[in-house]
Structures are given as C-alpha cells and as structure tokens.
Amino acid sequence: MKNLNQHKIESFKTNLVHWYEQHKRDLPWRKNQDPYQIWVSEVMLQQTRVDTVIPYYERFMRLFPEMDDLAYAEEDAILKVWEGLGYYSRVRNLQKGVREVVEHYGGQVPKSRKEMESLKGVGPYTAGAILSIAYDLPEPAVDGNVMRVLSRVFHVTDDIAKPSTRKIHEAILYEAIDKNNPSSFNQGLMELGALVCTPTSPGCLLCPVREQCEAFSLGLQEALPIKSKKKKAKTIHLDAFLLIDQDKRVYIEKRPSEGLLAGLWQLPMLPQASSDDERQESLQQAYEITEKVHKQPFHVKHVFSHIIWEIDLYIGDVSLLTVPEQWKAVSKEEIEGYAFPVSQQKVLSYCLEEGLI
DNA sequence: AACTCGGGGAC
DNA sequence: GTCCCAGAGTT
C-alpha cells in the first residue's frame, strides 16, 4: 500500500468536493437520490458517454418510472428502449437485478456492498456508485475516469488495463474518500476526469487539485495512466438477405438468446459465400430456400470493439413452405416495432430509401 | 488473467 | 486509423 501524505489527502478531498459543488453538470439523474434512478443511470453509463446516455435515460424513465414497471416488462420491450445503446446484456441484467430487489428485498435497494454486488449487472463500480450517491455511504466507485485521476494525483504506475489494478485504486479511496460527503467526492472524481483530467491534453491550469497532483509536479500528466494496448478486431464477412413473401412482407430473424447482440432482430444472414452457386446452396441448406437471390449495390462495414462485420446485401422473392424458428414476416410499417442493432439499421435504411420494401 | 460484449465521439 | 468511455459476466 502506498504511503499517503495525510495533509495532502485533506487538501485533495476538500478541493475536489468544493470544485464539484460549483461545477457539476445539471444531469437528469442528479435531480434526487432515488436509488433506482441512480441505478438505471449507472448501468447506462457503463462504457458509455454522458451525452449518449441522456436521451436513453429520459425515455427509459418515462416508460419504467419505478422498479415495479421494469421488473416484469417484456424482453422485446426493454431491448427496444436500449436499441442502439450497445452492450444489450446490461438491460437484461438490470431487469433481473430489479426483479431480485422487488421480490427478495421488499422493493428496497440494499445498502451493503455485498448485497449490491450479488445483484445481476451490479459489479464493484456500480455497487460503490449507488451506495455513495443514493445513500451517502463511504464506498469507492472506481471507473476509468477515477483510475486516470488517481494515477496522476498519487503517481500510480500500475497498468490500469489489468483487472488487479482496480483494487489498488480502491485501497487509496478507502483512505482518501470524504466520509462527510461520499456522493460529491465520488462524483467529483468522475466529473473531474470527464471535464478537466482528460485522457489527452488535461486542463491542469484549471484543475482544483493541481497543487496535490504528483504527476503535474513531475510533468508526467500526459504519461499517466499506464495502459497496455488491446488486440485488434477480427473481420467477419456476411451475406444479408432481404427476403420478400407473396404479401410483400419481409422476413426478419431473432438472434439467439446468448452471445453477440442476443435477442435482437436482423435480416437473415449467413457467412459470405465465395460464389453464387455456393450461396444458393447455403440458402437451401439453412432455410430450404430454392428461389434465386440477387446482389444489391450495397455494402456496410460495421465495427464492434472486438469484431468487424462486412455485410453484402442480396434480395429475393420467396414463398416458404415452412418458416424457420425465430423468423417473422413483417410489413414495412411493423419493422420499427422491433429492436435492431445499428449494423442492421444501416441495411434496413438502405432498403427503405431504395424502395426495396 | 483473458476474453466477450456495442456504439460513438474525440483526436 | 487509435483510444476510451460512470464495466460486468464468463471461462
């Protein structure tokens, strides 16, 4: 454990909390201390920027204003609200966690770290965030912002990409957290990381804790935190099929309940074929489709964190004897009722603009 | 500890 | 192009 200067810690927490109270942004989840509202915001904010979250948060709270409204909502409904936000298991886990609170905690979000972390989708960060922001409990909430700020202020040189490094920062915070105002202290750390102590070009001249910052005194603010690189994404080539039935309806397919984009809808897709014959063979093999499909002058490249999809588009009129499991024929107007990942929104937008549907 | 799981904005 | 974002679950 790093030996921390107690005088420096006192100045640090005082300066940080004062700065936060003066500079905090007016965000929709900062209107009260309702633990459910804090919970929803914290899950949405996982790996997601504030500006992206705001419209999703407001729509979500209109549809599910209380835990009882979310606990037993249809999966298609919660995925539709989350459509385009990414990491879709977050909303499924949020619902499971909320249902757990409704059924086993009498609707009261628990006040211990152990109980919080037992809830689906609530890990060390989110547990600390809810406990400190909703209940003013002195629990650390270590996210990427916090590790960047602490790495600089306390000259921590451990690789923040390593899972074990989070515990080092938590240990610092158990000493440094302002027990008189855990909420403002934790949110102040994150707000500082978002607005001043940024990854590149940190605004040290505007920083309220510049005097306490070891990195600044050493001129290392741009060199910290230490973070190892992650490996690059692999490319997967896919053929997507706009299949139209006798009633001018389009077949869409529900993805499996686990894995990438679980439970979302898409046009039927197969691994890219190397020839027209091979493609027709695959269509017959997978779906018993014998009609010819025709290539469209459209291609989309969609980048995930760890995968890149390159999608070609084919169109065909079909009359199916048996409709595959997980398929549904929908009219042009019905499409918007289903949750599609962004990659499919790109494909469908083209189909609609070109009048193919 | 390493991998999976989305999408977008800043540079 | 690269990085990273109010991370968690699985293996």
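Proteins get letters first, then strands, A, B, ... in listed order; numbering begins at 1 in each.
Using a 4.0 Å heavy-atom criterion, one finds that A/R255 contacts no nucleic acid atom at all. The residue A/K24 sits apart from the nucleic acid: no heavy atom pair falls under 4.0 Å. Within 4.0 Å (heavy atoms only), A/N93 reaches sugar-phosphate atoms of the nucleic acid but no base atom.
Within a heavy-atom distance below 4.0 Å of DNA chain B, the residues of residues 33-48 of chain A found are A/Q47, A/T48. Sorted by residue number, the list of members of residues 188-206 of chain A with any non-hydrogen atom under 4.0 Å from DNA chain B is empty. Taking every heavy atom of residues 139-152 of chain A and every atom of DNA chain C, pairs under 4.0 Å involve A/D143, A/G144, A/N145, A/R148, by number. Applying a 4.0 Å cut-off to non-hydrogen atoms, the residues of residues 120-135 of chain A that approach DNA chain C are A/K120, A/G121, A/V122, A/G123, A/P124, A/Y125, A/T126, listed by residue number.
One P atom belongs to C/dT11, the other to B/dG6, and the distance between them is 16 Å to the nearest Å.
Atom OH of A/Y88 and atom CG of A/L264 lie 5.5 Å apart (nearest 0.5 Å).
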Using atom names, set out every protein N or O paired with an N or O of nucleotides 1-5 of chain B below 3.5 Å, distance rounded to 0.1 Å.
| unit_1 | atom_1 | unit_2 | atom_2 | d |
| --- | --- | --- | --- | --- |
| B/dC5 | OP1 | A/L260 | N | 3.2 |
| B/dC5 | OP2 | A/H306 | NE2 | 3.4 |
| B/dC5 | N3 | A/Y87 | OH | 3.4 |

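Between the side chain of A/R90 and the backbone N or O of A/V43, at least one donor-acceptor pair lies under 3.5 Å.
OP1 or OP2 of B/dG7 sits under 4.0 Å from a side-chain N or O of A/H302. Between C/dT2 and A/K227, no contact under 4.0 Å exists linking OP1 or OP2 to a side-chain N or O.
In this structure A/Y87 satisfies the ring-ring contact (aromatic ring centres under 6.0 Å, His included) test with no other residue, sequence neighbours excluded.
A donor and an acceptor atom, one from each side chain of A/E310 and A/T235, are nowhere located under 3.5 Å apart.
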